[in-house]
Every structure is written in C-alpha cells, then in structure tokens.
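Only this structure's heavy atoms are used, side chains among them; waters, hydrogens and symmetry mates stay out.
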Amino acid sequence: MILDAICFALSGYFMKTSDEFVDEKDNLPLAIITGILCVFFTLFVSSYNGDAACIFISILVGTALAFKVDNLNHLLSAVLFVILLYIMGIPQFSWYCLILCTIAAYLDEKGNDLMDEKEEKFGYLSNIDKLLKYRYVMKITIFILSLLTLIKIVFPNTILDGFLFFQPITIIYFYLFDLGYEFSEELTNRFNDFFQSFLR
C-alpha cells in the first residue's frame with residue numbers, strides 16, 4: 001500500500017519534471033533521464049496493480065490521441081513503458097474502466113488547451129471551465145469507479161457484482177500522483193534549497 005502510494009506520487013513528479021525540462025529549460029538529456037525515472041515508477045506499480053496499469057495506459061493513449069506525445073522524450077518514454085510492460089506482463093483490469101479513463105484523459109488534455117485559449121481571450125472562466133482547465137475529468141472518473149467498488153462492498157448482491165471497478169484506495173493513489181505532478185516545481189525548488197543549505 002505504501003509502496004503503491006510512493007510510486008504514484010513519484011510517477012507524477014517525474015512526469016511533470018520531465019515535461020518542464022523540455023518545455024521550459026530546453027534540456028533534453030535531463031528530460032530523458034527524468035522521463036525514464038517516471039517510466040520506472042509507473043512500470044513498477046503497473047506490473048502488479050491492475051488499477052495502476054489501467055490508469056497509466058489510459059493516460060498514455062488519451063494523451064497520444066490528443067497529440068501530446070509530441071517530442072523525443074515523450075516518444076522514448078512511451079515506447080519504453082509499452083515494451084517493458086508487455087514483457088513483464090499486464091495484470092488483470094477492467095476494459096470498460098480503461099475506455100472510460102482514456103476518454104477522460106483525452107478530455108482533460110483537450111479541455112486544458114481550450115480553457116487556456118479561452119482564458120487568454122476572454123480573461124475569465126466559469127466553474128465548469130475550471131474543471132477542464134485543471135484536469136478534473138480524470139479525477140472524477142476514477143473517483144466514481146472507486147466509489148462503485150465501495151458500494152459493492154457495502155451493498156452486496158446487486159447488479160454491480162458482475163462488474164470490475166477500481167479499488168476504493170485507488171482514488172487516493174491517483175490524487176498523490178496528481179499532487180506530485182502539480183507541485184513538482186515547488187518540490188524541486190525545496191529539494192534544491194535543502195541541498196544547498198546542507199552543502200553550506
């Protein structure tokens with residue numbers, strides 16, 4: 001459980017850090033290194049956790065469909081993840097969860113772009129717009145899929161018994177991934193400050 005949480009958080013952290021090295025700092029070597037670290041933690045948890053495999057595959061497919069796998073770093077990371085996960089074996093997960101999460105990942109990517117354009121053009125966003133800007137479609141989808149399993153546990157022998165959803169704790173894991181992603185720059189700066197003070 002703790003290992004899963006760490007892997008999700010570090011996967012999000014290194015995913016965003018890798019993007020920042022390409023987009024903001026034009027440092028492809030460090031982008032590739034952090035991209036490989038992201039693949040490592042993503043692959044490790046996906047090799048035995050079916051929910052993780054479903055989520056990370058859906059993120060990869062959804063972003064690819066949104067044309068966000070658009071540089072060498074993304075391509076290398078994606079190919080490495082797919083090949084190694086195939087070799088290691090993919091744990092069981094729900095295909096309809098994969099489809100729903102892929103759609104959610106795609107909507108998050110396209111919605112984020114559209115809302116950035118709208119905010120730049122009009123200077124404001126509605127509450128619904130903010131859900132798209134801050135990529136809440138995936139969060140809501142995973143929350144519902146986790147909640148459905150909790151309902152199955154509390155209320156057995158219903159029509160839900162024939163379906164496989166996410167484990168209830170998966171939503172917590174995904175929020176840790178999201179926190180690692182969203183606060184990667186702040187965390188990096190704090191790490192740098194810590195080591196600088198330590199070296200003094």
Side-chain angles (χ1 to χ4, degrees), residues 1-22 28-106 108-109 135 137-139 141-146 148-149 152 162-182 184 187-188:
M1 184 181 295
I2 294 175
L3 187 58
D4 294 54
I6 292 171
C7 286
F8 267 87
L10 289 177
S11 176
Y13 171 76
F14 284 116
M15 186 180 292
K16 181 63 173 180
T17 303
S18 181
D19 284 344
E20 289 296 314
F21 278 126
V22 170
L28 184 59
L30 279 179
I32 292 174
I33 291 170
T34 50
I36 291 172
L37 286 170
C38 172
V39 170
F40 172 80
F41 290 107
T42 302
L43 187 68
F44 183 82
V45 71
S46 296
S47 66
Y48 63 86
N49 184 322
D51 291 357
C54 180
I55 289 169
F56 288 121
I57 291 171
S58 69
I59 291 174
L60 175 59
V61 176
T63 52
L65 291 173
F67 301 106
K68 289 300 184 73
V69 183
D70 54 2
N71 58 51
L72 179 61
N73 170 52
H74 289 162
L75 186 60
L76 285 175
S77 297
V79 170
L80 187 62
F81 174 73
V82 170
I83 291 175
L84 291 179
L85 185 61
Y86 178 78
I87 292 172
M88 295 174 67
I90 305 173
Q92 181 184 10
F93 60 79
S94 165
W95 285 98
Y96 41 85
C97 287
L98 178 66
I99 293 170
L100 290 173
C101 286
T102 299
I103 294 170
Y106 174 82
D108 273 345
E109 291 299 326
R135 296 184 171 95
V137 179
M138 188 77 158
K139 298 181 187 73
T141 301
I142 293 174
F143 173 75
I144 292 172
L145 292 173
S146 298
L148 287 171
T149 297
K152 282 174 60 176
F163 296 92
L164 177 64
F165 304 110
F166 289 156
Q167 293 300 309
I169 199 169
T170 297
I171 185 60
I172 297 174
Y173 293 153
F174 186 73
Y175 268 90
L176 289 172
F177 166 84
D178 192 62
L179 286 173
Y181 186 92
E182 293 296 333
S184 62
L187 289 170
T188 300

Distance, nearest 0.5 Å, that separates CE of Met138 from CG of Leu100: 10.5 Å
Spatial distance of atom CZ (Phe41) from atom CG (Leu43) [nearest 0.5 Å]: 11.5 Å
List, one per line, each side-chain donor-acceptor pair under 3.5 Å for residues 81-94, sequence neighbours excluded.
unit_1	atom_1	unit_2	atom_2	d
Ser94	OG	Tyr96	N	3.4
Ser94	OG	Cys97	N	3.2
Ser94	OG	Leu164	O	3.3

Derivation and outcome, ring-ring contact (aromatic ring centres under 6.0 Å, His included), residues Phe8 and Phe56: CA-CA 10 Å; Phe8 267 87; Phe56 288 121; 5.2 Å; yes
Those residues that, when tested against Val61, pass side-chain contact (heavy atoms from CB on, under 4.5 Å) (two or more places apart): Ile57, Leu65, Thr102
For Lys152, all residues meeting salt bridge (Lys or Arg N to Asp or Glu O under 4.0 Å), sequence neighbours excluded: none
Over all atoms of both residues, closest heavy-atom pair of Cys101 and Ile142: SG-CG1, 4.2 Å
Nearest non-hydrogen partners of Lys16 and Tyr181, listed with the distance: CG-O, 3.1 Å
Pair Phe166 and Tyr173, ring centroids less than 6.0 Å apart: no
Distance (rounded to the nearest 0.5 Å) between Leu60 CG and Ile55 CD1: 14.0 Å
Heavy-atom closest contact (Ala105 atom, Ser58 atom, distance): CB-O, 3.7 Å
Counterpart residues, side-chain hydrogen bond (donor to acceptor under 3.5 Å, both in side chains), relative to Ser18 (two or more places apart): Asn73
Criterion side-chain contact (heavy atoms from CB on, under 4.5 Å) on Val45 and Phe177, from CA distance to verdict: CA-CA 12 Å; Val45 71; Phe177 166 84; over 6 Å; no
Nearest atoms (heavy-atom pairs only) where His74 meets Asp19: NE2-OD1, 2.6 Å
Residue pairs passing the side-chain hydrogen bond (donor to acceptor under 3.5 Å, both in side chains) test where at least one lies in residues 33-52, sequence neighbours excluded: Asp4-Tyr48, Asp4-Asn49, Ser11-Thr42, Asp51-Thr170
Leu98 CG to Ile103 CD1 distance, which is reported to the nearest 0.5 Å: 10.0 Å
Derivation and outcome, side-chain contact (heavy atoms from CB on, under 4.5 Å), residues Phe143 and Tyr175: CA-CA 10 Å; Phe143 173 75; Tyr175 268 90; 5.6 Å; no
Separation of Ile32 CD1 from Leu80 CG (nearest 0.5 Å): 11.5 Å
Any residue meeting side-chain contact (heavy atoms from CB on, under 4.5 Å) with Ala66, in chain and number order, not counting sequence neighbours: Lys68, Tyr106, Glu109, Lys110
Gln167 CD to Met1 CE distance, which is reported to the nearest 0.5 Å: 10.0 Å
